[in-house]
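Remarks on the structure that follows.
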Amino acid sequence: MSAPFRFPRFFVTNPSPCPYLPGRSERKVFTELSGDNASELNDALGRIGFRRSQNVAYRPSCADCSACVSVRVVAGEFEPNATQRKLLRKNEDLVITACKPWSTEEQFALLQRYLRARHPGGGMTEMDEMDFADMVEQTPVESHVVEYREPGEDGRPGKLIGACLTDRQGDGLSMIYSFFDTELEHRKGLGNFIIMDHILRAAKAGLSYVYLGYWVEGSQRMQYKIRYRPLERLSRNGWTRFDPDEQAHAVREVESRDEPALPRELAAIFRK
């Protein structure tokens with residue numbers, strides 16, 4: 001007997017100040033990820049621009065702004081430029097491990113240092129160890145914490161200098177949140193290296209994409225996301241190749257009230 005049809009219920013948050021563009025407000029549409037079909041739902045929603053936070057999938061749904069654009073790197077076609085190749089060589093000695101999604105004191109301490117340096121006064125600076133544990137461990141999908149360590153001595157693990165909470169989706173890797181040591185002079189560009197490592201990791205695994213979340217035109221904090229090519233962006237016409245040199249034209253094509261529709265496959269994944 002077929003299981004009863006269960007289409008996900010979507011909700012909309014109240015407007016709040018936008019963290020990326022001063023003077024604007026943000027609003028999100030979200031749904032819960034739970035049950036036996038959580039992974040399939042997360043995959044389907046990821047293909048139309050949703051992001052995961054614990055057991056919730058969300059995407060921007062602002063009434064008068066379309067600056068947030070979902071972007072992903074085509075992993076199999078990525079070719080690092082000269083600067084990126086130099087960065088890869090500089091960090092080739094790092095010990096990289098995909099760990100089960102369990103939080104550690106070492107990870108939390110690194111996160112705190114990162115937030116104080118890069119996002120002082122941001123909402124995440126108020127996280128305690130329990131909040132961090134929830135962020136890492138409350139996942140209904142296949143997730144890992146990818147750790148980046150300096151070489152150890154005498155068989156002991158080296159210093160943790162970077163980490164990324166990463167989901168494996170059906171067609172790629174989704175980088176949920178990365179953080180790293182910002183004070184290492186000999187490791188400048190570590191955040192960019194972590195992204196490239198994910199791109200190379202996805203390509204090696206035969207996965208098509210690395211999802212980077214939202215690129216926001218006009219937000220300097222988000223410009224790093226358009227350094228990796230080929231890049232695709234999501235618009236009302238689906239995923240299309242995106243030339244960062246024509247970014248202003250590309251964003252103007254996205255109409256503020258024409259968000260990608262929920263695909264028919266969402267209904268199918270809840271049928272047995």
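No experiment lies behind these values; they were computed from the predicted model shown.
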Checklist entry - Under the side-chain contact (heavy atoms from CB on, under 4.5 Å) criterion, do Phe50 and Val29 qualify, and how do the steps go? => result CA-CA 9 Å; Phe50 278 74; Val29 58; 4.1 Å; yes

Next on the checklist: Go through it in stages, so that I can follow the logic: the residues are Asp167 and Arg52, the test is salt bridge (Lys or Arg N to Asp or Glu O under 4.0 Å), and I'd like the CA-CA distance, side-chain angles, deciding distance and then a yes or no.
Outcome noted: CA-CA 9 Å; Asp167 288 352; Arg52 185 186 69 82; 2.6 Å; yes

Next on the checklist: Show, in sequence, the C-alpha distance, side-chain angles and deciding distance for Glu150 and Lys159, and conclude whether the salt bridge (Lys or Arg N to Asp or Glu O under 4.0 Å) test is met.
Outcome noted: CA-CA 5 Å; Glu150 294 196 313; Lys159 178 184 178 183; 5.7 Å; no

Next on the checklist: Using the rule given for side-chain contact (heavy atoms from CB on, under 4.5 Å), can you reason through Asp64 versus Arg24, listing the C-alpha separation, both sets of side-chain angles and the distance that settles it, and then say yes or no?
Outcome noted: CA-CA 9 Å; Asp64 56 357; Arg24 300 194 188 184; over 6 Å; no

Item to check | Derivation and outcome, side-chain contact (heavy atoms from CB on, under 4.5 Å), residues Asp171 and Asp43 | outcome: CA-CA 8 Å; Asp171 61 353; Asp43 280 2; 5.9 Å; no

Item to check | Stepwise ring-ring contact (aromatic ring centres under 6.0 Å, His included) test for Trp239 and Tyr209 | outcome: CA-CA 12 Å; Trp239 291 96; Tyr209 307 107; 7.2 Å; no

Next on the checklist: Walk me through whether Phe180 and Arg118 qualify under side-chain contact (heavy atoms from CB on, under 4.5 Å).
Outcome noted: CA-CA 10 Å; Phe180 50 89; Arg118 291 295 177 90; 3.6 Å; yes

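Summarising the geometry, atom CZ belonging to Arg201 is positioned 13.5 Å from atom CE belonging to Met196; distances are rounded to the nearest 0.5 Å. Note: Lys28 NZ to Phe10 CZ = 16.0 Å, rounded to the nearest 0.5 Å. Taking CE from Met222 and CG from Leu212, the interatomic distance works out to 10.5 Å, rounded to the nearest 0.5 Å. Note: Asn14 CG to Ser25 OG = 11.0 Å, rounded to the nearest 0.5 Å. Note that CD1 of Ile199 and CG of Leu207 are 13.0 Å apart. Values are rounded to the nearest 0.5 Å. Note that CG of Leu41 and OG of Ser34 are 8.5 Å apart. Values are rounded to the nearest 0.5 Å.
At distances below 3.5 Å, at least one donor-acceptor pair connects side-chain atoms of Asn81 with backbone N or O atoms of Thr83. Remark: the backbone N or O of Arg9 is paired with a side-chain donor or acceptor of Thr31 at under 3.5 angstrom. Remark: the backbone N or O of Ile176 is not paired with any side-chain donor or acceptor of Ser174 at under 3.5 angstrom. A donor-acceptor pair is defined here as one N or O able to donate and one able to accept, closer than 3.5 Å; no such pair exists between the side chain of Trp102 and the backbone of Val145. A side-chain donor-acceptor contact under 3.5 Å links Ser235 to the backbone of Asn237. Side chain of Tyr228 to backbone of Ala75: no donor-acceptor contact under 3.5 angstrom is found. The main-chain N or O of Ser103 is found under 3.5 Å from a side-chain atom of Glu137 such that the two form a donor-acceptor pair. Checked by atom type and distance alone, the side chain of Arg51 pairs as donor or acceptor with a backbone atom of Met175 at under 3.5 Å. Between the side chain of Arg156 and the backbone N or O of Gly158 there is no donor-acceptor pair closer than 3.5 Å. Gln84 contributes a side-chain N or O that, together with a main-chain N or O of Arg227, makes up a donor-acceptor pair within less than 3.5 Å.
Side-chain contact between Val74 and Arg241 is present, with at least one heavy-atom pair separated by less than 4.5 Å. In this structure the side chain of Leu234 never reaches within 4.5 angstrom of the side chain of Arg59, judged on heavy atoms. Counting heavy atoms from C-beta on, the side chains of Leu94 and Leu190 come closer than 4.5 Å. The shortest side-chain heavy-atom distance between Val141 and Gln169 does not fall under the 4.5 Å cut-off. Residues Tyr224 and Ile195 form a side-chain contact, since some pair of their non-hydrogen atoms from C-beta on lies under 4.5 Å apart. At a threshold of 4.5 Å between non-hydrogen side-chain atoms, the residues His119 and Arg221 count as touching. Within the 4.5 Å cutoff, the side chain of Glu32 has heavy atoms near those of the Asn55 side chain. Looking at heavy atoms from C-beta onward, Phe193 lies in side-chain contact with Leu88 at the 4.5 angstrom threshold.
Neither Met135 nor Val56 shares a network with the other; the hydrophobic side chains, linked directly or stepwise wherever heavy atoms of I, L, V, M, F, W or Y lie under 4.5 Å apart, form separate groups for each. No continuous path of ILVMFWY side-chain contacts below 4.5 Å connects Phe30 to Leu33, so the two sit in separate hydrophobic clusters. The hydrophobic cluster containing Tyr214 does not contain Leu165, counting ILVMFWY residues as joined when their side-chain heavy atoms lie under 4.5 angstrom apart, directly or transitively. Linking Ile, Leu, Val, Met, Phe, Trp and Tyr residues whenever their side-chain heavy atoms come within less than 4.5 Å places Val12 and Leu45 in a single cluster. Linking Ile, Leu, Val, Met, Phe, Trp and Tyr whenever their side-chain heavy atoms come within less than 4.5 Å leaves Tyr58 and Met124 in two separate clusters.
The minimum heavy-atom distance between His198 and Thr166, with the atom names listed, is NE2-OG1, 2.7 Å. When all heavy atoms of Glu26 and Pro17 are compared, the pair lying nearest together is CG-O, 4.0 Å. Considering every non-hydrogen atom in both Thr182 and Ala117, the closest pair reads OG1-CB, 3.3 Å. Between Val71 and Lys225, the closest heavy-atom pair is CG2-CB, 4.5 Å. Closest approach of Arg85 to Pro80, counting heavy atoms only: NH1-O, 2.9 Å. Minimum interatomic distance between Asn192 and Leu87 (heavy atoms only, all atoms of both residues): CB-CD2, 3.7 Å.
Partners of Glu147 by side-chain hydrogen bond (donor to acceptor under 3.5 Å, both in side chains), not counting sequence neighbours, listed by chain and number: Gln107, Arg149. Partners of Tyr177 according to the ring-ring contact (aromatic ring centres under 6.0 Å, His included) rule, which considers only residues two or more places apart in sequence or in another chain, do not exist here. Annotation: ring-ring contact (aromatic ring centres under 6.0 Å, His included) contacts of Phe132 (sequence neighbours excluded): Phe108.
Side-chain contact annotation: Asn91 with Tyr148, donor-acceptor N/O pair under 3.5 Å absent.
For Tyr20, the OH atom counts as loosely surrounded, since its 6.0 Å shell holds 12 or fewer non-hydrogen atoms of other residues, nucleotides or ligands. Within 6.0 Å of CZ in Arg27 there are more than 12 heavy atoms belonging to other residues, nucleotides or ligands.
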